[in-house]
Amino acid sequence: MSSVENYEELESKLMRKVKENPFVPAGIAGCAAIVAYGLYKLKSRGNTKMSVHLIHMRVAAQGFVVGAMTLVAFGIVYTVYREYSVKPGVQEK
């Protein structure tokens with residue numbers, strides 16, 4: 001197997017996984033963004049203590065996780081509503 005075939009197989013597998021669970025890449029991107037922002041602010045934090053800076057970054061990361069979990073919960077509720085409440089062949093008004 002050549003490296004091109006391995007890459008194509010990996011790419012198709014990754015795209016399939018992303019379609020099955022789109023919040024995982026969003027979570028990874030959000031985490032990376034918070035880490036990048038934290039490193040940027042670490043450089044220009046002035047005379048703020050390191051512990052205070054780390055607490056702020058932890059709160060930001062936890063807020064992102066709570067927001068992502070809320071979106072997942074809404075997605076689950078919508079999926080359950082669509083699958084069990086709406087009868088097949090009947091359109092919503």
Side-chain angles (χ1 to χ4, degrees):
M1 223 177 200
S2 70
S3 62
V4 174
E5 291 172 349
N6 285 337
Y7 177 76
E8 289 174 356
E9 179 183 339
L10 181 64
E11 183 181 19
S12 66
K13 190 175 187 180
L14 179 65
M15 291 309 293
R16 187 181 73 238
K17 293 287 185 180
V18 166
K19 287 179 183 177
E20 290 174 5
N21 195 354
F23 291 107
V24 171
I28 292 171
C31 181
I34 289 171
V35 168
Y37 177 74
L39 290 174
Y40 171 75
K41 292 303 278 185
L42 181 65
K43 183 178 173 183
S44 63
R45 66 186 164 101
N47 61 358
T48 305
K49 288 186 177 180
M50 176 66 83
S51 61
V52 172
H53 175 73
L54 293 175
I55 288 171
H56 289 168
M57 290 300 101
R58 188 199 75 196
V59 169
Q62 287 175 331
F64 180 81
V65 169
V66 168
M69 289 173 60
T70 303
L71 288 175
V72 169
F74 282 133
I76 291 170
V77 168
Y78 176 72
T79 301
V80 168
Y81 168 75
R82 193 178 61 200
E83 288 183 8
Y84 296 107
S85 180
V86 178
K87 306 222 180 328
V90 178
Q91 294 181 351
E92 292 183 61
K93 293 181 182 180

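Just so you know, these numbers come straight off a predicted model, no measurement behind them.
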Value rounded to 0.5 Å, distance of CE in Met69 from CZ in Phe64 = 12.5 Å

His56 (side chain) donor-acceptor with Gly38 (main chain) under 3.5 angstrom | no

Indicate, with yes or no, if Val72 and Val80 share a hydrophobic cluster defined by side-chain heavy-atom contacts under 4.5 Å among Ile, Leu, Val, Met, Phe, Trp and Tyr.
-> yes

Under 4.5 Å between side-chain heavy atoms, hopping through other hydrophobics if needed: is there a path connecting Tyr84 to Ile76?
-> yes

Inter-residue atom distance Thr48.OG1 - Leu42.CG, 0.5 Å rounding | 10.5 Å

Pairwise distance CD1(Ile34) to CD(Gln62) - rounded to 0.5 angstrom = 10.0 Å

Under 4.5 Å between any side-chain heavy atoms of Lys13 and Glu9, yes or no?
-> no

